[in-house]
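To start, the structure under review is shown below, and the notes come after it.
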Amino acid sequence: MKGLLRSLTTLGGFRGYSVLSSDQLRIKGVKDVIAVASGKGGVGKSTTAVNLAVALANKFQLKVGLLDADVYGPSIPTMMKIHQKPEVTKDMKMVPIQNYGVKCMSIGFLVDKDAPIVWRGPMVMSALQKMTREVDWGNLDILVVDMPPGTGDAQLTMSQRLQLSGALIVSTPQDVALIDARRGVNMFSKVRVPILGLVENMSCFKCPHCGKPSFIFGEGGTRKTADEMGLPIVGEIPIEVEVRKGSDEGIPIVISAPESQVSKAYSEVAQNVVTRLDQLAKE
């Protein structure tokens, strides 16, 4: 394991992007790879990725993996309640750690909890390469990739070094977030990755006493943006205290409260993702 970690921190990687064949882009045994992305941080991208992956595995009985590609800010170890290091096979491939029916891999499994990831671009590219190609994923229906926020080197690397079946863009209804969400959509479009749709996170807060909704970050912004860009809205996720609590405690809300409004919203996202992937496969 120490040898693997040392190899992750060895300078390498690439700045240019080679043209690879379809077979070279695919991960052996993985049917579909989807990116959960956002133009900026703080919009609930990782929470969405976790609950989507767990919903796909538990409600739809799919074989699901979850890759934490947010190297500088890995959240999956906390959100999935995993605090151990992965084992290594005889051929030096890391074995993903499973919880809630989902196989997980994160750089957070390999470094100390409070250790900063002070790496330059090539080191990050090398780490991402190892966490995709040098992991024994087995057979998966869907690999959900929790992308880093923004539209930089890491995003381009994942988009051009993997056969992505599609990208899911997460945003709040706030104009400032939607500006960056548009940039994310345009980046994936430029590298010819289909957009599965937009997820409006933190769509509203419903008072637990009277049930009246409060639109803290604005109302209808994501839907308007989706309409302007010709994209579908695949889900609207309201704010609930239990979502934050579940993320901090490592118990996704689709597990802790499967009948809650938020859990049903995540299940709707999962259903729409499955439907969209089926549509794209037929095109």
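Residues satisfying the salt bridge (Lys or Arg N to Asp or Glu O under 4.0 Å) test with D248, not counting sequence neighbours, are R244. Under the side-chain contact (heavy atoms from CB on, under 4.5 Å) criterion, Q261 pairs with K206, P238, E240, sequence neighbours left out. In this structure, the salt bridge (Lys or Arg N to Asp or Glu O under 4.0 Å) partners of D70, at least two apart in sequence or on a different chain, are K45. Qualifying side-chain hydrogen bond (donor to acceptor under 3.5 Å, both in side chains) partners for T89, counting only residues two or more places apart in sequence or in other chains: D91. Take S260 and apply the side-chain hydrogen bond (donor to acceptor under 3.5 Å, both in side chains) test, not counting sequence neighbours, and it matches S263.
One hydrophobic cluster, built from ILVMFWY side chains closer than 4.5 Å, cannot hold both V176 and M187; they sit in different ones. Hydrophobic cluster membership differs between L178 and F188, with clusters built from Ile, Leu, Val, Met, Phe, Trp and Tyr side chains linked at under 4.5 angstrom. Residue V262 is not grouped with residue I216 when hydrophobic side chains (ILVMFWY) are merged at heavy-atom distances under 4.5 angstrom, including chains of intermediate members. Hydrophobic clustering keeps L52 apart from I239 (ILVMFWY residues linked when any side-chain heavy atoms are closer than 4.5 Å, directly or through intermediates). L128 is connected to L67 through a chain of hydrophobic side-chain contacts under 4.5 Å among Ile, Leu, Val, Met, Phe, Trp and Tyr, so both are in one cluster.
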Go through the steps for V64 and L140 under the test side chain to side chain contact (heavy atoms under 4.5 Å, CB included), then give the verdict.
CA-CA 6 Å; V64 181; L140 296 179; 5.8 Å; no

Evaluate the side chain to side chain contact (heavy atoms under 4.5 Å, CB included) criterion for residues L62 and V274: first the C-alpha distance (whole Å), next the side-chain angles of each, then the deciding distance (0.1 Å), finally the verdict.
CA-CA 10 Å; L62 298 176; V274 171; 4.1 Å; yes

Would you please test R276 and V234 for side chain to side chain contact (heavy atoms under 4.5 Å, CB included) and show each step?
CA-CA 9 Å; R276 182 78 175 114; V234 296; over 6 Å; no

Pair T78, S247 - check side chain to side chain contact (heavy atoms under 4.5 Å, CB included), show working.
CA-CA 7 Å; T78 298; S247 295; over 6 Å; no

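For the pair V30 and D141, the minimum side-chain heavy-atom distance is 4.5 Å or more. Under the 4.5 Å side-chain criterion, counting only non-hydrogen atoms from C-beta, D180 is in contact with R183. Counting heavy atoms from C-beta outward, Q98 and V102 have side chains that stay 4.5 Å or more apart. Proximity of F215 to P173: side-chain heavy atoms (C-beta onward) are nowhere separated by under 4.5 Å. Side-chain contact check for I34 versus L143: every heavy-atom pair is 4.5 Å or farther apart. Here the side chains of V88 and V95 are not in contact, with every heavy-atom distance at 4.5 Å or above. Looking at heavy atoms from C-beta onward, Y100 lies in side-chain contact with K81 at the 4.5 angstrom threshold. Counting heavy atoms from C-beta outward, I253 and Y266 have side chains that approach closer than 4.5 Å.
Looking only at atom types and distance, the side chain of Q279 has no donor-acceptor partner in the side chain of T275 under 3.5 Å away.
Of all heavy-atom pairs spanning K93 and D136, the tightest one is CB-N, 4.1 Å. Heavy atoms only, all atoms of each residue included: S165 and L280 are closest at O-CD1, 3.6 Å. Listed here is the closest heavy atom pair of R26 and Q163: CG-CB, 4.0 Å. What you find for V269 and G235 is that their closest heavy atoms are CG2-CA, 3.7 Å. Closest approach of V254 and A55 over heavy atoms only: CG2-N, 4.2 Å. Across D146 and A49, no two heavy atoms sit closer than the pair CB-CB, 4.0 Å.
Taking a 6.0 Å sphere around NZ of K103, one finds it holds more than 12 heavy atoms contributed by other residues, nucleotides or ligands.
Between V54 and the choices N51, L56, N58, the side chain to side chain contact (heavy atoms under 4.5 Å, CB included) rule is met once, by N58.
For the atom pair NZ (K59) and CD (Q61), the distance works out to 10.0 Å, reported to the nearest 0.5 Å. To the nearest 0.5 angstrom, M94 atom CE is 10.5 Å from F109 atom CZ. Within the model, atoms CG of D68 and CE of M79 stand 9.5 Å from one another, a figure rounded to the nearest 0.5 Å. Here the OG1-CE distance, from T132 to M105, works out to 11.0 Å after rounding to the nearest 0.5 Å. Atom-to-atom distance recorded for E134:CD and S126:OG is 8.0 Å, nearest 0.5 angstrom. To the nearest 0.5 Å, atom OG of residue S171 and atom CG of residue L198 are 7.0 Å apart.
For residues 222-237, the pairs satisfying side-chain hydrogen bond (donor to acceptor under 3.5 Å, both in side chains) are R182-E228, E200-T222, R223-E236, with sequence neighbours left out.
Side-chain atoms of S106 come within 3.5 Å of backbone atoms of G108 as a donor-acceptor pair (strictly under, hydrogens ignored). No donor-acceptor pair closer than 3.5 Å links the side chain of D32 to the backbone N or O of I142. Of the possible polar contacts, one joining the N99 side chain to the M80 backbone as a donor-acceptor pair under 3.5 Å is found.
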